[in-house]
Participant: 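Structure provided below as structure tokens; questions to follow.
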Amino acid sequence: MSNPPSGRGGPVSDAQRRIRRNPWLFTAPLVLLCLLVAVLAWEIVRGNLSEATRAHWPWRLQLMPEEPLASLLAVAAGAVLARAQYARTVRPALGWRSDYVPGELPGGDKAWSTGVFNGGQHNTVLHRVDYFVVLEGDAPAGPVPEGAWVSLGRAGELLGEAGLRPASDFRLASFGAGFPLVATGTYETITVGVFSKRFIDEVRAFHLRIQVVDSVGDTHERIIDCLKGAREPVAAPVEWPGGRTRPVPVPRAAPRAE
């Protein structure tokens with residue numbers, strides 16, 4: 001699968017994909033189904049031979065009568081199809097949203113905030129979170145190697161070496177394994193990072209790779225460019241004269257009828 005480019009950060013795909021299946025709930029039933037199909041094929045070929053031929057080895061070997069074999073084959077096929085359908089039902093829908101918001105970092109400027117959410121119908125559990133930092137001036141080519149993904153602590157060290165200060169230029173949320181991403185059915189996000197305008201100017205891309213496990217044990221992954229859209233003119237923060245914020249209209253209560 002090729003990785004299409006995603007803006008300034010290089011060729012990193014942000015599409016959600018399944019990276020691992022539960023071997024006990026997927027591989028084992030599929031292997032059983034394949035074995036039953038092979039046994040059924042053997043019995044069909046053996047049944048079409050003459051009595052004299054079936055009297056000699058290896059055709060005299062009868063693995064299972066055809067009627068119970070066909071019943072077991074139908075049950076196994078139904079189990080595989082049911083598992084596939086249920087896996088699609090509980091499949092998470094990992095989404096993200098970014099916008100300029102006030103009050104997240106020191107100073108009066110708005111900061112770029114990125115959050116994730118699970119838009120699926122069932123809850124999912126966080127497996128791991130990794131980061132990939134691309135500083136301004138770097139030009140990564142080709143897919144991101146596995147060794148380039150770093151932990152939260154290492155990502156902070158790389159940003160610190162570039163002169164960016166935590167809690168002033170950026171703030172990253174820490175998530176532990178097993179953190180539940182609840183399927184709330186809304187677009188409310190969980191903040192994963194907040195970035196200042198200086199951070200946006202000095203960092204080319206800041207990728208977050210999130211891996212979650214669904215109810216059937218399958219592992220899903222999505223890579224998010226936390227700075228995607230931050231430099232677009234249509235997403236620029238609205239600055240009011242004198243540092244004022246836009247007044248919020250206060251609804252007035254309708255007069256009571258006498």
Participant: Report yes if some heavy atom in the side chain of F179 is under 4.5 Å from a heavy atom in the side chain of I190; otherwise report no.
Facilitator: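 Yes, close enough: below the 4.5 Å cut-off.
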Participant: Are any side-chain N or O atoms of Y100 and backbone N or O atoms of A230, one a donor and one an acceptor, separated by less than 3.5 Å?
Facilitator: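 Judged by distance alone, yes, a pair lies under 3.5 Å.
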Participant: Are V192 and L227 connected in a single hydrophobic cluster, I mean Ile/Leu/Val/Met/Phe/Trp/Tyr linked by side-chain heavy atoms less than 4.5 Å apart?
Facilitator: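 Per the 4.5 Å side-chain linkage, L227 and V192 are co-clustered.
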Participant: Are Y86 and V216 side-chain neighbours, meaning at least one heavy-atom pair lies under 4.5 Å?
Facilitator: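 Y86 vs V216: side chains touch.
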Participant: What I'd like to find out is whether the side chain of R128 reaches to under 4.5 Å of the side chain of D130, using heavy atoms alone.
Facilitator: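 A side-chain contact under 4.5 Å exists here.
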Participant: Hey, could you give me the CD/CD1 distance between Q211 and I223, rounded to the nearest 0.5 Å?
Facilitator: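 Output value for this atom pair is 9.0 Å.
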Participant: Quick one, L181 and F117 - any side-chain contact, counting heavy atoms below 4.5 Å?
Facilitator: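 In short, these two side chains do not touch, never coming nearer than 4.5 Å.
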Participant: List the atom of S50, the atom of T53, and the distance in Å for their closest heavy-atom pair.
Facilitator: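 Heavy atoms of S50 and T53 come nearest at OG-OG1, 2.9 Å.
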Participant: Locate the shortest heavy-atom distance separating A162 from E202; write the atom from each residue and the value.
Facilitator: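 The pair with the smallest heavy-atom distance is O-OE1, 3.8 Å.
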Participant: Nearest heavy-atom pair of E104 and A111: which atoms, and what distance?
Facilitator: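 That would be CB-CB, 4.4 Å.
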Participant: Assigning hydrophobic clusters by single linkage (Ile, Leu, Val, Met, Phe, Trp, Tyr; side-chain heavy-atom cutoff under 4.5 Å), is V182 placed with W96?
Facilitator: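 No, V182 and W96 fall in different hydrophobic clusters.
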Participant: Are L152 and V129 packed together at the side-chain level, in the sense that at least one heavy-atom pair is separated by less than 4.5 angstrom?
Facilitator: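 A side-chain contact is absent here, since even the closest heavy-atom pair is not under 4.5 Å.
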Participant: Under 3.5 Å, side chain of T124 to main-chain N/O of V213, donor-acceptor pair present?
Facilitator: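 It does hold such a pair.
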Participant: Side-chain heavy atoms nearer than 4.5 Å, only ILVMFWY residues, links allowed to pass through others: does that put W42 and M64 together?
Facilitator: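 In one cluster with W42: M64, yes.
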Participant: Between atom CZ of R231 and atom NZ of K228, what is the distance when rounded to the nearest 0.5 Å?
Facilitator: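 One finds 12.5 Å between CZ of R231 and NZ of K228.
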Participant: Give the minimum heavy-atom separation between D169 and F199, together with the two atoms involved.
Facilitator: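 Smallest interatomic distance, heavy atoms only, reads O-CB, 3.5 Å.
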Participant: Check P106 against S168 and note the closest heavy-atom contact, atom names and distance.
Facilitator: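 Scanning both residues completely, I find the closest heavy atoms to be CD-CA, 4.2 Å.
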Participant: With heavy-atom distances below 4.5 Å as the criterion, would you say the side chains of V212 and T219 are in contact?
Facilitator: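 SC-SC contact between V212 and T219 ruled out.
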Participant: Quick check for you: to the nearest 0.5 Å, what is the distance between L40 atom CG and I44 atom CD1?
Facilitator: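 The distance works out to 4.0 Å.
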Participant: Checking L164 against R198 for the side-chain contact (heavy atoms from CB on, under 4.5 Å) test, could you report, in this order, the C-alpha distance in whole Å, the side-chain angles of both residues, the deciding distance, and whether it holds?
Facilitator: CA-CA 8 Å; L164 298 170; R198 178 170 177 255; 3.6 Å; yes
Participant: Stepwise, does the side-chain contact (heavy atoms from CB on, under 4.5 Å) test hold for T114 with T191?
Facilitator: CA-CA 6 Å; T114 300; T191 302; over 6 Å; no
Participant: Does the side chain of L36 come within less than 4.5 Å of L69's, by heavy atoms?
Facilitator: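 They are in contact (side-chain heavy atoms under 4.5 Å apart), so the answer is yes.
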Participant: At what distance, to the nearest 0.5 angstrom, does OG of S215 lie from CZ of R91?
Facilitator: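 The distance works out to 13.5 Å.
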Participant: If you count every heavy atom of other residues, nucleotides or ligands that lies below 6.0 Å from E161 atom CD, does the total exceed 12?
Facilitator: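 Counting other residues, nucleotides and ligands, CD of E161 exceeds 12 neighbours.
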Participant: Linking I/L/V/M/F/W/Y whenever their side-chain heavy atoms sit closer than 4.5 Å, directly or via other members, would V39 and W57 fall into one cluster?
Facilitator: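 Same hydrophobic cluster.
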Participant: Please tell me whether W59 and L63 are part of a single hydrophobic cluster in this structure, the criterion being side-chain heavy atoms less than 4.5 Å apart.
Facilitator: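 Yes: a chain of side-chain contacts under 4.5 Å links W59 to L63.
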Participant: Flag yes if more than 12 heavy atoms outside R18 fall under 6.0 Å of its CZ atom; otherwise flag no.
Facilitator: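 Enclosed: over 12 neighbouring heavy atoms sit under 6.0 Å from CZ of R18.
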Participant: Would you verify whether the NZ or CZ of R209 falls within 45 degrees of the ring axis of W149 while also being under 6.0 Å from that six-membered ring's centre?
Facilitator: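 Yes, R209 sits over the ring of W149.
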Participant: Please round to the nearest 0.5 Å and tell me the distance separating atom OG of S196 and atom CG of L105.
Facilitator: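 The CG atom of L105 is 6.0 Å from OG of S196, to the nearest 0.5 Å.
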Participant: Checking side-chain contact (heavy atoms from CB on, under 4.5 Å) for the pair R17/H220: CA distance, chi angles, key distance, verdict?
Facilitator: CA-CA 6 Å; R17 62 193 183 100; H220 304 264; over 6 Å; no
Participant: Determine, step by step, whether F195 and W112 satisfy the ring-ring contact (aromatic ring centres under 6.0 Å, His included) criterion, reporting the C-alpha distance in whole Å, the side-chain angles of both residues, the deciding distance to 0.1 Å, and the verdict.
Facilitator: CA-CA 5 Å; F195 314 97; W112 183 257; 8.7 Å; no
Participant: I would like to know whether H122 and D214 meet side-chain contact (heavy atoms from CB on, under 4.5 Å); could you show each step before the answer?
Facilitator: CA-CA 8 Å; H122 294 262; D214 62 17; over 6 Å; no
Participant: Tell me whether R222 contacts the main-chain N or O of L94 through its side chain, where contact means a donor paired with an acceptor under 3.5 Å.
Facilitator: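 Yes; judged by distance alone, with no hydrogens or angles, the pair exists.
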Participant: Which atom pair, heavy atoms only, marks the closest approach of V150 to A155?
Facilitator: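 Looks like CG2-N, 3.8 Å.
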Participant: Step by step, work out the salt bridge (Lys or Arg N to Asp or Glu O under 4.0 Å) result for R83 and D218.
Facilitator: CA-CA 11 Å; R83 196 274 182 193; D218 293 346; 2.8 Å; yes
Participant: Nearest 0.5 Å please: distance from the CD1 atom of I19 over to the CD atom of E221.
Facilitator: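 Reported to 0.5 Å precision, the distance equals 4.5 Å.
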Participant: Please tell me if the side chains of D14 and I224 come closer than 4.5 Å, counting only heavy atoms from C-beta onward.
Facilitator: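 In short, these two side chains do not touch, never coming nearer than 4.5 Å.
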